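These notes concern the structure reproduced below.
Counting starts at 1 for both ligands and their atoms, in listed order. This one's a predicted model, so the numbers in the text were calculated from it and none came from an experiment.
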Amino acid sequence: MIHKMGIVGYGGMAGWHHNLTKEIDGLEVVGAWDTDPQRLELAVERGLIAYDSLDALLADDQLCVVLIATPNDSHCEIATRAMHAGKHVVVEKPVTLNNADLQAMIAASEETGKLFTVHQNRRWDEDFLMVCEIIKAGQLGEVFGIESRVHGSRGIPGDWRQLKEQGGGMVLDWGVHMFDQIFQMFPGVKLKTVHAITTNVTNQLVDDGFRTELLLENGVRVLVEVGTSNFVSLPRWYVQGVNGTAVIEDFSKKGKMVIAVGENEKDIVPVITAAGLTKTMAPRRDDSIKEIPLPVVTADIKDFYQNVIATIEGKEESLIKLPEIARVMRLMEAVFESAAKNQVVEFE
Ligand code: NAD
C-alpha cells in the first residue's frame, strides 16, 4: 500500500524530504501548499499538485500524511488542524516554541488517534552514534565528561531564523537536536541541573549561539555549545573517561581515541614551556598510551520514514516518543531561564 503525503511549507527542508521519500517504498509525496507562490511553482515543476490553501490540502482525501516544514511558529496550528482533518502528521523540529503548544498538539493526537511525530533526524547522525558506541564499549573507562559542539562563522542564516516570534535562534534550531542526542545517549538517567549562557554577537533579537552545562545524576558533566561566529571550529565531540579521551572532529567523523595502557610513568620528564617548566602538563611517554580506532557505525535516515509507515500501519511503535520531545522542550525552556537569570536551574 502506498501512503500519500502532502507537504506544508515547500522550502529548503521540504525539498530534502521530497528527495528522500522518493527512495522509500510505501510513501509518495503528491502535493504541497506554501504561502510563497514561487515555491508552489517549483513544486509543480517537480511534479507535485500545488494546493491553493492549507484547507485545500487538508481536504484532499487521498492524503494520509502531512509533513509540516514551515517556520517554527506555525507548526502547532497547522499540526492540530491537520490531525483534526484526519491526517497523520510529521512535524519538523523544533516541534513548536514551548511546552504549552506541544501539549495542545499531543492532545490533538490523542483525540483523533492520528500519528504525531517529529523529525528528530539527528538521532541518525553517525558521529553521535559513534559516541554512544564509545561509551558502551567502555575503552575510555568511566566517562565523566562530554563536550558536544557545533561551530560555524556565518551568523544565523535566513530570515525567519533571525526572528524571535517565528522561533528563531540557535537553541531552538540546533539545541533541539543536541539536547535530544544527550538524552538518547543516557536513557533513564535524570538531568539534575542546567546552566546556560546565550550569545548575541551578530543578532540582538535571538540567540546566535549558546553554551550549556548539564549535570546528569550519574555524575557525567556535559557541555553543549553552538557558535555562529567561530572562524576556527572546536571538535564536534570530545569525550573524557578516566582511562582515555576520544575526539571526533566534525561530521566527516575523523578523529581519534587515545587510552592509557597502564605503563608506570613515574619518571616524568618535565616539559619546558615558554617561561617555566611543568610535570603536570608534560606529554605522555609513548609507551604509556595507545591510539585505538574509532568505532565504525552506519545509520540510514530512511529508517525514520520506514518507521512512520510501520507506525501508521500498526506494525511498530513510533521511534520518536512524545515524552522525549516534551523533555527536550522543557530543557530548552530551562536553558532560556538559566541564561536570563544567569543561574543554575534545577531540572529533574
Ligand atoms: P525555509 O524558509 O527554507 O522554508 C519554509 C517554507 O515555508 C517557505 O517556503 C515559506 O514560504 C513557507 N511558509 C511559511 N509560512 C507558511 C505557512 N503558514 N503555510 C505554508 N507555508 C509557509 O525553512 P527550512 O529551512 O525549510 O525550515 C523549515 C522547517 O524545517 C523549520 O521548522 C526548520 O527548523 C526545519 N529544519 C529542519 C532541519 C533538520 O535537519 N531536521 C534542517 C533545516 C530545517
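Sorted by first and then second residue, the pairs that involve residues 153-166 and meet salt bridge (Lys or Arg N to Asp or Glu O under 4.0 Å), not counting sequence neighbours, are Arg161-Asp173.
We find that Arg149 and Glu147 are joined by a salt bridge, their nearest charged nitrogen and carboxylate oxygen being less than 4.0 Å apart. A salt bridge links Glu225 to Arg211: one of the charged nitrogens lies within less than 4.0 Å of a carboxylate oxygen. Using a cut-off of 4.0 Å between Lys/Arg side-chain N and Asp/Glu carboxylate O, Glu249 and Arg236 are scored as not salt-bridged.
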Present, as a list of atom pairs with distances to 0.1 Å, all nitrogen or oxygen contacts under 3.5 Å between ligand 1 and the protein.
{"unit_1": "ligand 1", "atom_1": "2 (O)", "unit_2": "Trp160", "atom_2": "NE1", "d": "2.9"}
{"unit_1": "ligand 1", "atom_1": "3 (O)", "unit_2": "Gly12", "atom_2": "N", "d": "2.9"}
{"unit_1": "ligand 1", "atom_1": "9 (O)", "unit_2": "Asp34", "atom_2": "OD1", "d": "3.4"}
{"unit_1": "ligand 1", "atom_1": "9 (O)", "unit_2": "Asp34", "atom_2": "OD2", "d": "2.6"}
{"unit_1": "ligand 1", "atom_1": "11 (O)", "unit_2": "Asp34", "atom_2": "OD1", "d": "2.6"}
{"unit_1": "ligand 1", "atom_1": "13 (N)", "unit_2": "Thr35", "atom_2": "OG1", "d": "3.4"}
{"unit_1": "ligand 1", "atom_1": "21 (N)", "unit_2": "Thr35", "atom_2": "N", "d": "3.4"}
{"unit_1": "ligand 1", "atom_1": "23 (O)", "unit_2": "Trp160", "atom_2": "NE1", "d": "3.4"}
{"unit_1": "ligand 1", "atom_1": "25 (O)", "unit_2": "Arg161", "atom_2": "NH1", "d": "3.3"}
{"unit_1": "ligand 1", "atom_1": "25 (O)", "unit_2": "Arg161", "atom_2": "NH2", "d": "3.0"}
{"unit_1": "ligand 1", "atom_1": "26 (O)", "unit_2": "Gly12", "atom_2": "N", "d": "3.3"}
{"unit_1": "ligand 1", "atom_1": "26 (O)", "unit_2": "Met13", "atom_2": "N", "d": "2.8"}
{"unit_1": "ligand 1", "atom_1": "32 (O)", "unit_2": "Thr70", "atom_2": "O", "d": "3.2"}
{"unit_1": "ligand 1", "atom_1": "32 (O)", "unit_2": "Asn72", "atom_2": "OD1", "d": "2.6"}
{"unit_1": "ligand 1", "atom_1": "32 (O)", "unit_2": "His75", "atom_2": "NE2", "d": "3.1"}
{"unit_1": "ligand 1", "atom_1": "32 (O)", "unit_2": "Lys93", "atom_2": "O", "d": "3.2"}
{"unit_1": "ligand 1", "atom_1": "34 (O)", "unit_2": "Asn72", "atom_2": "OD1", "d": "3.3"}
{"unit_1": "ligand 1", "atom_1": "34 (O)", "unit_2": "Lys93", "atom_2": "O", "d": "2.8"}
{"unit_1": "ligand 1", "atom_1": "34 (O)", "unit_2": "Lys93", "atom_2": "NZ", "d": "3.3"}
{"unit_1": "ligand 1", "atom_1": "40 (O)", "unit_2": "Asn121", "atom_2": "ND2", "d": "3.0"}
{"unit_1": "ligand 1", "atom_1": "41 (N)", "unit_2": "Glu92", "atom_2": "OE1", "d": "3.0"}
{"unit_1": "ligand 1", "atom_1": "41 (N)", "unit_2": "Asn121", "atom_2": "OD1", "d": "2.8"}
{"unit_1": "ligand 1", "atom_1": "41 (N)", "unit_2": "Asn121", "atom_2": "ND2", "d": "3.4"}

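Side chain of Asn307 to main chain of Leu319: a donor-acceptor pair is present (N/O by atom type, distance under 3.5 Å, no hydrogens or angles).
Between the CG atom in Leu172 and the CZ atom in Phe210 there is a gap of 9.5 Å [rounded to 0.5 Å].
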